[in-house]
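Positions are given from 1, in the same order as the sequence printed here.
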Amino acid sequence: MLAVVWTVLVAGVSSGITVAVVGNSDGVTAAPVVRPSIWQDTRTYPADPPQGPEAEPVPSPTVKGYAIGEKAKSSGATVVVKKVRESATVTLDDFETDKILKAGVGAKFAIVETTVYNDGTEPFDPVCGGGISQGLIDAEGRTFDLISDAYLVKANQKADACGEAMQPGFKRDAVFVYKIPADVRPAGWTFSGSRGMDEDDLAVVNLADSSMS
């Protein structure tokens, strides 16, 4: 009996089938139970979702470049940068008397002198209330904000460039002042007539080739 069982087990293993042989007290052998020797994955999985069309790439904002002296245009504002200069101080009109604002140690002011034209259909303030300036850029691509006292700059007070909206069809001189490190040279000046709301209409005036005074 043991020889028979051993023979059946060996045959079952060699064929990849496990056979269970059960004997009873009368010596009668039950029918073999056949099971797969390797577990089979009978689970079902959902089909892969259909592939849609590839997303179109988002276009980069359009940046328009201009030189000093050119009429740079953006969203109803036209600006001519007349001159760029550097200074350790800026004169403020403190309503009753002039006040000298110092840049401080390791710093200087970059002063962008411009004429701004309102070629659009709505009034806007060139300097105050958000203004049109989007910052001064250096050679490393860093952006510097307009100083908070820009509305007090004497040249702006004299030209009424701040605090009174310029109506369509008019022009006004305006000075934009930025505090930058003493070893930095301005590379560009950016503005948007839409006050930065339209990223696709940003104008950049190249200052890198300007002679600073």
A.B. asks: Rounded to the nearest 0.5 Å, what separates atom CD in Glu164 from atom CD in Gln167?
C.D. replies: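 Glu164 atom CD to Gln167 atom CD measures 8.0 Å (nearest 0.5 Å).
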A.B. asks: Side-chain heavy atoms under 4.5 angstrom apart, residues restricted to Ile, Leu, Val, Met, Phe, Trp, Tyr: same cluster for Ile137 and Tyr178?
C.D. replies: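 In one cluster with Ile137: Tyr178, no.
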A.B. asks: Do Arg142 and Val184 make a side-chain contact, defined as non-hydrogen atoms from C-beta onward lying under 4.5 Å apart?
C.D. replies: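 Counting from C-beta outward, Arg142 and Val184 do come under 4.5 Å.
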A.B. asks: Mind listing the closest non-hydrogen atom pair of Trp189 and Ser133 along with its distance?
C.D. replies: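 That closest heavy-atom pairing would be NE1-OG, 3.9 Å.
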A.B. asks: Report yes or no: does Lys108 contribute a side-chain atom to a donor-acceptor pair with the main-chain N or O of Ala182 at less than 3.5 Å?
C.D. replies: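 At least one qualifying donor-acceptor pair exists.
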A.B. asks: Have a look at Pro186 and tell me which of Asp138, Leu136, Val112 forms a side-chain contact (heavy atoms from CB on, under 4.5 Å) with it.
C.D. replies: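 Exactly one option meets the side-chain contact (heavy atoms from CB on, under 4.5 Å) with Pro186, and it is Leu136.
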A.B. asks: Can you check side chain to side chain contact (heavy atoms under 4.5 Å, CB included) on Tyr117 and Val80, steps first, answer last?
C.D. replies: CA-CA 9 Å; Tyr117 301 79; Val80 176; 4.0 Å; yes
A.B. asks: Start with the C-alpha gap between Asn118 and Phe170, add the side-chain angles, then the distance that decides, and say whether side chain to side chain contact (heavy atoms under 4.5 Å, CB included) holds.
C.D. replies: CA-CA 6 Å; Asn118 186 344; Phe170 287 87; 5.6 Å; no
A.B. asks: Go through the steps to decide whether Val79 and Tyr66 satisfy the test side chain to side chain contact (heavy atoms under 4.5 Å, CB included), and finish with yes or no.
C.D. replies: CA-CA 10 Å; Val79 181; Tyr66 300 90; over 6 Å; no
A.B. asks: Under a single-linkage definition using a 4.5 Å side-chain heavy-atom cutoff for Ile, Leu, Val, Met, Phe, Trp and Tyr, are Val81 and Ile180 assigned to the same hydrophobic cluster?
C.D. replies: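 Yes, Val81 and Ile180 fall within the same hydrophobic cluster.
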A.B. asks: With a 4.5 Å cut-off on side-chain heavy atoms, are Asp93 and Leu152 touching?
C.D. replies: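 No, their side chains stay 4.5 Å or more apart.
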A.B. asks: I'd like to know whether Ile100 forms a side chain to side chain contact (heavy atoms under 4.5 Å, CB included) with Leu92, so could you lay out the CA-CA distance, the side-chain angles of the two residues, the decisive distance to 0.1 Å, and finally the verdict.
C.D. replies: CA-CA 6 Å; Ile100 302 300; Leu92 305 181; over 6 Å; no
A.B. asks: Looking only at heavy atoms, which two atoms of Ile111 and Ser87 are closest? And how far apart?
C.D. replies: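 So the minimum-distance heavy-atom pair works out to CD1-CB, 4.1 Å.
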A.B. asks: Compare all side-chain heavy atoms of Phe191 with those of Thr114 and state whether any distance is below 4.5 angstrom.
C.D. replies: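 In short, these two side chains do not touch, never coming nearer than 4.5 Å.
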A.B. asks: Enumerate the residue pairs fulfilling salt bridge (charged side-chain N to carboxylate O under 4.0 Å, His left out) with a member in residues 154-163, sequence neighbours excluded, ordered by first and then second residue.
C.D. replies: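 The answer is Asp98-Lys154.
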A.B. asks: Would you call Thr143 and Gln134 a side-chain contact if the rule is heavy atoms closer than 4.5 Å?
C.D. replies: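 No; the side chains remain at least 4.5 Å from each other.
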A.B. asks: Is a side-chain donor or acceptor of Thr190 paired with a backbone partner of Val204 at a separation under 3.5 angstrom?
C.D. replies: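 Side chain of Thr190 to backbone of Val204: no pair is present.
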A.B. asks: State, to 0.1 Å, how close Ala203 and Ser74 come at their nearest heavy-atom pair, and which atoms those are.
C.D. replies: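 So the two residues come closest at CB-CB, 4.0 Å.
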A.B. asks: Write down the atom of Pro126, the atom of Met166, and the distance for their closest heavy-atom approach.
C.D. replies: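 That closest heavy-atom pairing would be CG-CE, 4.1 Å.
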A.B. asks: Indicate the atoms forming the closest heavy-atom contact of Arg185 with Ala208, along with that distance.
C.D. replies: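 Arg185 and Ala208 have their closest heavy atoms at NE-O, 4.0 Å.
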A.B. asks: Spell out, yes or no, whether Val84 and Val127 are grouped together once hydrophobic residues are joined by side-chain heavy atoms under 4.5 Å, including indirect joins.
C.D. replies: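 Hydrophobic grouping puts Val84 with Val127.
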A.B. asks: Hey, does the side chain of Asp125 reach the backbone of Gly163 with a donor-acceptor pair shorter than 3.5 angstrom?
C.D. replies: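 Here the side-chain-to-backbone pair exists.
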A.B. asks: For the side chain of Asn156 and the backbone of Tyr151, is there at least one donor-acceptor N/O pair under 3.5 Å apart?
C.D. replies: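 Absent.
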A.B. asks: What pairs of residues pass the disulfide bond (SG atoms under 2.5 Å apart) test when at least one of them lies in residues 141-173, not counting sequence neighbours?
C.D. replies: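 Output for this query lists Cys128-Cys162.
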A.B. asks: Compare every heavy atom of Ile68 with every heavy atom of Val205, then report the nearest pair and how far apart it is.
C.D. replies: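 Closest pair (atom of Val205, atom of Ile68, distance): CG1-N, 4.0 Å.
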